[in-house]
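Below is one structure; the comments refer to it alone.
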Amino acid sequence: MRERVNQDVILGALALLFGCFIALYWAPIDSDTGIAEKVRSRWSIGDALAPTVAGVVIATSGFFIALGGILRGTKSTLSAKNLTYLIFFLVIVFSGFLTMRYAGPIIAGALGEEYRVLRDERPWKYIGFILGGGGMIFGLMSLAEGRISLRRLILALLIAAALALIYDLPFEDLLLPPNGDV
Amino acid sequence: MDIVQHIWMGVLAVFQGPPTAAWLPIPIALVMVAAGFVTGVAVGATPGLAGPMAMAVSLPILISVFGYEPDALSPVLGFLIGVMKGATIGGAVPAILFNTPGTPDASLTTFDGHPMTKKGEATKALRIAHFSSVSGDTFSDIVLFVCAPFLAVLVEAYLDLPEKTALILLSMSFIAAVVGKSVAKGLLAAGLGMLAAYVGTGEEFYPRLTGDVPALAQGFPTVVAVLGVLILGEVFKAIEDLMREKARTGAIARQDLSGGDGLSWAEVKRCLPFIRNSAVIGTMIGALPGVGSTLAATLGYASGRKMQQRRGGAKFGTGAPEGVAATEAANSAVSGSNLIPVLSLGIPGNAAAVFLILAMDSIGGFNPGPAVFRVPSDGFNSEMIIAFGIFTTMAFANILNWIIGGRIMRMMAIVARIPSQILLPSVLLVTLLGLYAQETSFTSLWMAIGFGVLGYLMRKLGISVLPFVIAFILAGTLKNTARQAFSASGGDPYFLFDSPISISFIALTVVIIVMTARRKAEVA
């Protein structure tokens with residue numbers, strides 16, 4: 001039985017359009033030199049050739065994906081449920097990143113300190129990573145299990161703390177996030 | 001210096017290398033191989049994890065620790081080779097004990113391995129898996145040691161710039177065509193990989209395809225793109241699978257370990273023809289870029305089943321030790337010969353090879369390819385010494401595998417019981433941490449997540465990620481070789497059709513794409 005939405009036709013059409021867009025518009029306009037150029041009476045390959053070739057490969061494969069979809073039909077493997085999951089996943093990861101990046105400076109600021117000065121000192125250098133990373137692990141564990149529990153939160157924070165120590169104690173030169181950015 | 005002296009120097013570079021520490025006067029390369037091997041077995045034994053994942057996570061840390069000097073190559077590659085070897089045997093542990101294949105190729109091990117566990121022969125199954133796996137791996141390594149230098153010498157002697165350009169095109173098309181269920185989708189992945197690699201990497205002052213975004217001016221770091229698509233994409237999907245499993249069954253599966261039994265010499269002897277047969281199949285399959293261990297395991301198992309029918313032993317699929325032997329010897333025999341295209345041509349054939357090339361590329365001082373095995377008329381070729389050092393670490397990892405691999409493998413049964421819902425988010429954080437250790441910028445983490453989303457969507461749409469990764473890595477070499485060939489030909493746009501060899505490669509590229517597309521269309 002054919003599906004109502006032919007996923008490969010949509011994928012193929014998008015790839016065809018994207019490939020044409022790269023080859024005909026993006027690569028020529030966003031490169032310094034064209035397909036080929038003459039420098040001191042010698043021809044050489046320009047910067048636009050390689051992305052144009054990539055665009056042609058993408059467009060051609062898109063055409064054949066769409067053609068295959070029309071001739072054989074396809075079974076959808078990407079659903080609205082997958083996209084909803086992806087949004088939840090990204091929200092958790094982005095929240096973790098934001099916590100990782102700003103928890104240390106916010107806590108230091110609240111105590112009247114400047115994080116940049118403290119970022120090489122314990123426990124300051126661990127704060128962002130443990131809260132952000134631990135929060136990310138906790139969020140993803142909860143997403144997988146479909147429930148929230150205090151035990152999992154503690155476990156997630158312990159895992160993040162253990163990772164911070166494993167990386168930080170033996171390797172002096174390694175920086176934990178976000179200490180290379182602040 | 002002749003080739004024998006280069007070999008000897010390579011061996012000495014490993015065994016007389018710098019000591020690990022003042023209190024541990026063992027060469028660091030050997031310690032790193034052993035550490036990588038144990039890590040690899042543990043990772044392979046953990047369902048949901050695989051060797052390339054551990055290689056991906058450890059690579060940035062190793063580089064941060066050992067630095068970018070050529071001296072770092074030996075310990076870094078030693079660790080990665082250890083992981084690669086260890087993961088090969090570790091993958092059989094959950095397949096046999098819990099009926100949970102950690103990797104796709106281990107799924108065939110479950111057919112006979114898990115029924116053996118149910119019959120109370122878990123230890124016997126693990127012993128057979130180990131013996132077969134190490135035998136296949138050792139055979140494959142010997143073929144690598146012999147073939148890679150000869151192939152490289154042939155390539156260097158007969159292939160000029162246009163032929164090399166055509167060969168890279170052939171390899172990329174071959175990988176795109178044979179991996180996955182659809183040739184067109186494989187080519188789409190390769191096209192996307194090339195496109196991503198060409199962002200910000202042109203010859204001119206203005207960084208192309210960046211839209212004037214400063215963060216893209218240097219292009220996407222290879223490690224970020226590869227880890228994002230290959231590892232983060234897989235973690236995204238695996239966590240969703242767990243979530244769906246919980247919603248469907250109300251729980252995430254965990255299985256119990258049952259008893260064990262020893263392995264007699266008579267049983268080993270009975271398995272030997274199956275191991276021999278599968279080792280040859282796996283080695284031949286492994287030498288082809290992109291054709292992974294799953295196909296080798298499938299062909300090894302199918303061939304073993306026919307052999308068993310002729311011999312009249314226990315039927316495959318009912319707990320036949322020969323079934324475990326046929327599968328494990330075949331999928332392990334891939335790991336050595338898969339490095340033939342890496343060392344002789346500079347073309348990675350699978351995900352593990354990608355990380356070895358990434359390490360070589362990041363550290364510098366060693367450019368895998370035909371020039372590696374060029375014997376100089378005067379002095380020595382340092383790259384050839386490094387190559388023979390790599391062979392030495394592989395041989396050492398094999399010896400380690402023969403001596404202690406089986407014991408470590410059985411010990412790792414406990415690791416296989418760590419719940420995936422704890423493990424996978426932790427892997428995500430470790431990967432991000434490793435990336436940050438190398439790039440020290442949040443921008444690279446955002447980029448990695450972006451590539452992870454791409455990897456997830458590709459998986460959901462049935463597009464294999466391996467052609468993307470291989471194309472991303474080879475795109476730079478393709479561009480440079482083509483540029484030089486074009487200039488050397490005096491600006492001839494038909495430079496790829498100037499010699500019979502490059503015409504053959506281009507014709508072969510078209511034939512492979514058309515034939516594979518037709519065969520896959522018939523199967524579908």
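Keep in mind that what you see is a predicted model, and the values were worked out from it rather than measured.
Among B:Lys460, B:Met194, B:Arg483, B:Glu240, the residue making the largest number of heavy-atom pairs under 4.5 Å with chain A is B:Glu240. The greatest number of non-hydrogen atom pairs below 4.5 Å with chain A, out of B:Thr440, B:Leu195, B:Leu209, is found for B:Leu209. In terms of non-hydrogen atom pairs under 4.5 Å with chain B, the most contact-rich of A:Leu90, A:Thr77, A:Leu49, A:Val93 is A:Thr77. Chain B forms the most heavy-atom pairs under 4.5 Å with one residue out of A:Asp181, A:Ile137, A:Val57, and that residue is A:Asp181. Interface summary for chain B: among A:Lys38, A:Met141, A:Arg42, A:Gln7, the most heavy-atom pairs under 4.5 angstrom belong to A:Met141. The residue among A:Tyr167, A:Trp26, A:Trp43, A:Phe64 with the most heavy atom pairs within less than 4.5 Å of chain B is A:Tyr167. Considering only heavy-atom pairs separated by less than 4.5 Å from chain B, the leading option among A:Ile65, A:Leu175, A:Thr60 is A:Ile65. Chain A forms more heavy-atom pairs under 4.5 Å with one residue of B:Gly491, B:Gly202, B:Ala517 than with any other, namely B:Gly202. Comparing A:Gly133, A:Ser44, A:Pro177 by heavy-atom pairs within less than 4.5 Å of chain B, the highest count is held by A:Pro177.
Atom-to-atom distance recorded for B:Leu161:CG and B:Ser487:OG is 9.5 Å, nearest 0.5 angstrom. Rounding to the nearest 0.5 Å gives a distance of 12.5 Å between CE of B:Met243 and OG of A:Ser142. In this structure, the separation between CG on B:Leu445 and CG on B:Leu433 is 9.0 Å, given to the nearest 0.5 Å. Distance check, rounded to the nearest 0.5 Å: CZ of A:Arg152 to CG of A:Leu140 gives 13.0 Å. Here CG of B:Leu59 is found 10.0 Å from CG of B:Leu435. Values are rounded to the nearest 0.5 Å.
Donor-acceptor pairing under 3.5 Å is lacking for the side chains of A:Ser31 and B:Glu204. Side-chain contact check for A:Asn179 and A:Tyr115: at least one donor-acceptor pair (N or O, by modelled atom type) lies under 3.5 Å. The closest side-chain donor-acceptor pair between B:Asn480 and B:Thr477, if any, does not fall under 3.5 angstrom.
Classification of A:Asp47 and B:Lys479 as a salt-bridged pair fails, no side-chain N sitting under 4.0 Å from a carboxylate O. Comment: A:Asp168 engages A:Arg122 in a salt bridge, judged by a side-chain N to carboxylate O separation of less than 4.0 angstrom.
Heavy atoms closer than 4.5 Å to chain B are found in the side chain of A:Phe18, but not in its backbone. Only the side chain of A:Asp8 comes within contact range of chain B, judged by heavy atoms closer than 4.5 Å. Contacts between B:Tyr206 and chain A at a heavy-atom distance below 4.5 Å involve backbone atoms as well as side-chain atoms. In this structure, the portions of A:Lys81 lying under 4.5 Å from any heavy atom of chain B include both its backbone and its side chain. Neither the backbone nor the side chain of B:Arg459 has a heavy atom closer than 4.5 Å to any heavy atom of chain A. Residue A:Ile22 touches chain B through its side chain alone, counting heavy-atom pairs closer than 4.5 Å. A:Phe89 touches chain B through its side chain: at least one heavy atom from C-beta onward sits under 4.5 Å away, while N, CA, C and O do not. Only the side chain of B:Leu432 comes within less than 4.5 Å of a heavy atom in chain A; its backbone stays farther off. Neither the backbone nor the side chain of A:Ile166 comes within contact range of chain B, judged by heavy atoms closer than 4.5 Å. Using a 4.5 Å cut-off between heavy atoms, B:Leu192 contacts chain A through both its backbone and its side chain. Of the atoms belonging to A:Leu11, it is side-chain heavy atoms, and not backbone ones, that fall under 4.5 Å from chain B. When heavy atoms are compared at a cutoff of 4.5 Å, A:Ile29 does not approach chain B at all. Heavy atoms of A:Phe129 lying under 4.5 Å from chain B belong exclusively to its side chain. Only the side chain of A:Leu86 comes within less than 4.5 Å of a heavy atom in chain B; its backbone stays farther off. With a 4.5 Å cut-off on non-hydrogen atoms, B:Phe442 touches chain A through its backbone and its side chain both. Proximity to chain B is limited to the side chain of A:Ile159, based on heavy atoms less than 4.5 angstrom apart. Of the two parts of B:Leu188, the backbone and the side chain both hold a non-hydrogen atom closer than 4.5 Å to a non-hydrogen atom of chain A.
Aromatic ring centroids of B:Phe220 and B:Phe451 lie under 6.0 Å apart.
With hydrogens and angles ignored, the 3.5 Å screen pairs a side-chain donor or acceptor of B:Tyr436 with a backbone N or O of A:Gly180. Between the A:Asp32 side chain and the B:Arg208 main chain, no donor and acceptor come within less than 3.5 Å of each other.
Between A:Tyr85 and B:Tyr456, the ring planes lie tilted relative to each other; the angle falls in the 30° to 60° range.
Contact between B:Pro425 and B:Ser420 at its shortest, heavy atoms only, is CD-O, 4.0 Å.
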